[in-house]
> 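Take this structure first; my questions come after.
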Amino acid sequence: MIKNIVILTGAGISAESGIPVFRSETGLWENHRIEDVCVPSALERDPATVENFYNTMRRNLHNVEPNPAHFAVARLQKEWKKGSVTLVTQNIDNLHERAGSENLYHMHGSLTEIYCPRCGTVFPCDRDVAPREDCPHCGAKGTVRPHIVFFEEIPYHMEEIEEALWSADLFLAVGTSGVVYPAAGFARIAASRGAVNVEFNLSASEQAGYFRKSVYGKAGTTLPKFVDSLLKDGDSFIESLPARS
Ligand code: APR
């Protein structure tokens with residue numbers, strides 16, 4: 001019986017809102033080298049470039065809206081009464097919150113927050129951030145940085161996420177290429193605990209072998225349909241999914 005659901009989302013769920021994915025021909029990393037904007041040493045070496053990169057993305061949040069896939073996730077969270085629906089996103093945009101999602105872990109951080117590593121205080125942020133701002137809480141000089149997990153850093157909320165994965169009966173991965181760990185390993189963990197895994201992508205992800213079913217197409221179209229059927233027919237809908245051959 002399906003009680004607890006974990007949903008992992010990646011850049012693909014926000015693609016139809018107009019936010020470019022990371023790994024595509026027009027993707028974000030094409031114009032910026034990861035080592036210039038998304039590693040701790042870049043922040044030390046050239047904080048202006050790093051802050052500008054995230055300032056631009058933060059400003060762009062005002063130009064984008066959640067799409068039907070974000071709303072489908074929020075609907076499932078509100079209407080599923082048999083257990084929990086935990087949302088884990090690798091995205092740093094705020095489209096899940098704006099679609100009404102709660103019980104949400106931003107494992108790679110959030111554009112709408114900054115923080116001071118010295119005192120650990122996280123501040124909401126909807127403005128451009130200057131390089132090396134002082135912490136308004138503890139007064140430390142120049143410590144404030146994006147609340148974003150850089151390569152080489154440990155993602156946030158891993159304990160809570162692993163706990164949710166251990167008790168998941170259904171694991172959905174939406175719009176993620178399955179190449180960046182630890183998130184890429186979640187399908188294997190959920191499957192090893194007996195969860196039914198379903199992925200939503202344009203084509204098979206790197207982790208496709210761990211999914212009982214892959215639904216190919218744009219998540220804004222496929223996910224709302226899936227959520228409708230899941231809410232309507234519950235276990236019998238999941239049992240009707242063909243086993244991967
Ligand atoms: N519907 C469903 N899937 C889509 C759609 C769509 N409309 N558009 C694109 N996709 C799929 C692509 O096929 C691809 O598999 O979304 C996936 C996006 O993959 P990535 O760009 O690699 O994004 P993600 O998996 O979230 O990346 C993980 O890598 O660079 C880091 O920190 C960054 O959080 C990010 C992490």
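Every number for a ligand or one of its atoms is a count from 1 in the order of the listing. Numbering of residues begins at 1 and proceeds along the displayed sequence. Bear in mind the structure is a predicted one, so any value in this text is a computation, not a measurement.
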> When you look for heavy atoms under 4.0 Å from ligand 1, do you find them on the side chain of Phe150, its backbone, both, or neither?
neither
> Geometry only, no angles: is Phe22 polar-contacting ligand 1 at N/O separations under 3.5 Å?
yes
> Is it the case that ligand 1 has an N or O less than 3.5 angstrom from some N or O of Ala219?
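Ala219 vs ligand 1: N/O contact under 3.5 Å present.
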> Check each atom of ligand 1 against the heavy atoms of Glu16 and keep those under 4.0 Å away; list them by number with element.
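Answer, ordered by atom number: 1 (N), 6 (C), 7 (N).
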> For residues Lys3 and Trp80, report the shortest heavy-atom separation together with the two atoms involved.
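For Lys3 versus Trp80, the nearest heavy atoms are O-NE1, 2.7 Å.
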> Check ligand 1 against Lys218 and write out every atom of the ligand that is under 4.0 Å from a heavy-atom position of the residue.
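Near Lys218, the atoms of ligand 1 are 1 (N), 7 (N).
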> Based purely on interatomic distance, does His108 place a nitrogen or oxygen under 3.5 Å from a nitrogen or oxygen of ligand 1?
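Min N/O separation from ligand 1 is below 3.5 Å for His108.
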> Pairing donors with acceptors under 3.5 angstrom, does anything connect the side chains of His70 and Ser14?
yes
> With nothing but distance in play, are any N or O atoms of Asn91 less than 3.5 Å from an N or O of ligand 1?
no
> Within the structure provided, determine whether Asp169 and Ile238 are in side-chain contact (heavy-atom separation under 4.5 Å).
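When only atoms from C-beta onward are counted, Ile238 and Asp169 do not touch, as no gap falls below 4.5 Å.
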> Report the part of Gln90 (side chain from C-beta onward, or backbone N, CA, C, O) that has a heavy atom under 4.0 Å from ligand 1; answer both or neither where that applies.
both
> For Ala11, take its heavy atoms, then give the atoms of ligand 1 lying under 4.0 Å from any of them.
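Here the atoms of ligand 1 in question are 23 (O), 24 (P), 26 (O).
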> Examine Gly175 against ligand 1 and note whether any of their N/O atoms are separated by less than 3.5 Å.
yes
> Looking only at distances, please establish whether an N/O atom of ligand 1 is found under 3.5 Å from an N/O atom of Phe200.
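No - when backbone and side-chain N and O of Phe200 are compared with those of ligand 1, no distance drops under 3.5 Å.
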> Under 4.0 Å from a heavy atom of Phe151: which atoms of ligand 1 are those, numbered in the order shown and with their elements?
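Once the distances to Phe151 are compared, the set is 30 (O), 31 (C).
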> Do ligand 1 and Ser203 have nitrogen or oxygen atoms that lie under 3.5 Å from each other?
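N/O-N/O distance under 3.5 Å: no.
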> Is any side-chain N of the basic residue among Arg98 and Glu65 closer than 4.0 Å to the acidic one's carboxylate O?
yes
> Near Gly10, which atoms of ligand 1 are under 4.0 Å from a heavy atom of that residue?
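Answer for ligand 1: 26 (O).
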> Of all the atoms in ligand 1, which lie at a distance below 4.0 Å from a heavy atom belonging to Gly217?
1 (N), 2 (C)
> Heavy atom under 4.0 Å from ligand 1: found in Val21's side chain, backbone, both, or neither?
both
